[in-house]
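Below: one structure, written as structure tokens.
On a predicted model such as this, the values are computed, not experimentally measured, just so you know. In the text below, chain A, chain B and the rest are named by the order of the sequence lines, each starting its count at 1.
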There are 2 protein chains.
Amino acid sequence: MSATLKPRHETDSPKRLQILDAAANLFIAQGYGAVSMDAIARAAGVSKATLYAHFTSKDLLFATIIGEACRENLMGQWLTSLEDGALVTDVRAALTALGLGLLRLLLEERSLAIYRVVVAESVRFPELGRAFHENGPVQFRRAFGPWLDEQAKAGRLRAADPDVAADQFIGLLRSGLYLRAALGLPPAPTEAEIAATVTAAVDTFMRAFG
Amino acid sequence: MSATLKPRHETDSPKRLQILDAAANLFIAQGYGAVSMDAIARAAGVSKATLYAHFTSKDLLFATIIGEACRENLMGQWLTSLEDGALVTDVRAALTALGLGLLRLLLEERSLAIYRVVVAESVRFPELGRAFHENGPVQFRRAFGPWLDEQAKAGRLRAADPDVAADQFIGLLRSGLYLRAALGLPPAPTEAEIAATVTAAVDTFMRAFG
DNA sequence: GTCTATAGAAGGATAGAC
DNA sequence: GTCTATCCTTCTATAGAC
């Protein structure tokens with residue numbers, strides 16, 4: 001339950017990488033309780049003894065893998081789109097591009113699966129909740145807030161608390177569609193629904209802060 | 001896995017009610033995988049044989065209990081506040097009262113625990129996702145939408161798609177605080193934070209739809 | 001209906017050979 | 001490091017007595 005959390009390295013043994021990959025797929029898809037160490041060993045093509053030679057417990061393996069999944073930047077990659085030259089002065093276009101990228105990412109099956117696992121196990125594994133929060137909302141605020149301030153200084157947006165505005169933008173994006181998808185309810189979101197949700201979110205945001 | 005789902009009745013045997021109560025507390029607090037039938041029997045003060053006499057499988061017991069928890073109206077009780085006479089003509093006050101009631105309810109430890117369990121298990125138990133969605137967002141739309149239409153007809157709100165507006169109001173309420181609480185991250189939300197979140201949500205909503 | 005006792009399977013973790 | 005084989009615990013579910 002307490003040991004060193006080694007991140008993944010290219011120098012890691014092939015077996016270790018096999019274990020990490022197999023366990024990640026299983027844990028992310030099925031959660032902690034539904035996956036056995038037997039199943040992981042089988043999927044990784046190693047014996048259970050080898051598995052335990054690399055990870056001293058199931059808890060440690062789980063925390064390592066899901067923590068790493070959270071740190072693989074849920075949102076960071078999309079924030080750079082705010083720096084796109086053509087969009088700097090067109091607030092609505094910038095928000096729409098950002099919103100589309102973010103919502104598509106949030107609705108990917110892998111993102112949803114990580115969300116389900118983290119929400120389910122964050123009580124027993126508090127470090128997972130912290131990692132998810134830090135790499136999701138917190139990171140978004142850190143990048144989006146300054147951009148909002150910049151736009152406000154340029155007179156293209158009303159001055160407001162940037163953290164609140166950032167949270168509300170995410171909240172608007174996650175309205176409606178997201179919960180349905182997180183619960184796995186059919187029908188799966190269509191690209192048209194995603195676009196409509198983003199448009200509605202940007203409309204509301206611009207009316208409030210434009 | 002498939003059997004008749006009997007709801008709770010006053011005519012039910014005391015043992016059955018003991019089982020339902022004990023199992024509900026355990027499942028809601030710890031989820032499906034972490035709770036054993038042994039633990040439920042112990043907490044209910046009955047033997048495992050008695051437990052199985054009432055519920056033919058762990059799956060059935062789990063689905064019965066969580067489904068019932070979803071149908072115990074997560075939101076319905078608060079929608080009546082919209083009919084409060086004094087608030088009919090004061091849109092901002094009505095939204096603030098509604099928002100406070102809803103957000104406080106959503107942040108209760110029991111509501112959060114149900115959310116965690118449903119999100120975690122809705123893939124394996126699709127009926128739970130449906131029950132949660134139907135008794136949460138869908139029911140809210142059904143009550144909030146007509147109220148919005150009414151306000152629009154009275155000229156106190158701008159005409160807009162009531163479903164979208166209802167979803168966005170929930171989205172604004174759940175921005176920031178809610179995810180942190182769902183992940184169990186300290187510090188626990190204070191009443192001041194709740195009030196500030198509601199005020200900010202109503203502000204944004206009124207700027208967009210007022 | 002309710003209990004004690006237990007079957008039968010699967011779980012996490014380890015010993016010892018190579 | 002890696003394997004096979006196995007230990008011990010815990011799990012779901014049931015048989016049989018009252």
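Nucleotide dG1(C) holds its C1' atom 13 Å from the CD atom of Gln18(B), rounded to whole Å. In this structure, CZ of Phe55(A) is placed 12 Å from P of dT2(D), rounded to the nearest angstrom.
For the pair Thr50(A) and dG1(D), the criterion of a side-chain N or O lying under 4.0 Å from OP1 or OP2 is not met.
The stretch residues 33-46 of chain A participates, sequence neighbours left out, in these side chain to side chain donor-acceptor pair (under 3.5 Å) pairs: Asp38(A)-Lys48(A).
Rotation axes derived from the C1' atoms of the five outermost pairs at either end of the helix from dG1(C)-dC18(D) to dC18(C)-dG1(D) lie 10° apart, to the nearest 10°.
Here the side chains of Phe140(A) and Asn135(A) are not in contact, with every heavy-atom distance at 4.5 Å or above.
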TODO: Verify side chain to side chain donor-acceptor pair (under 3.5 Å) between Ser175(A) and Gln168(B), making sure each step is shown before the conclusion.
DONE: CA-CA 6 Å; Ser175(A) 72; Gln168(B) 288 191 339; 5.0 Å; no

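In this structure Ala49(A) satisfies the side-chain contact (heavy atoms from CB on, under 4.5 Å) test together with Ser47(A), sequence neighbours excluded. With sequence neighbours excluded, the residues that form a salt bridge (charged side-chain N to carboxylate O under 4.0 Å, His left out) with Glu109(A) are Arg116(A). With sequence neighbours excluded, no residue forms a side-chain hydrogen bond (donor to acceptor under 3.5 Å, both in side chains) with Asn25(B).
Using the six-membered ring where Trp is involved, Tyr32(B) and Phe125(B) have ring planes that are tilted, between 30° and 60° apart. Using a 30° and 60° split on the angle between ring planes, Phe144(A) and Phe169(A) fall in the parallel class, below 30°.
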TODO: Report, as a single string ordered 5' to 3', how protein heavy atoms within less than 4.0 Å touch nucleotides 11-18 of chain C: B base, S sugar-phosphate only, - not at all.
DONE: SBBBB---

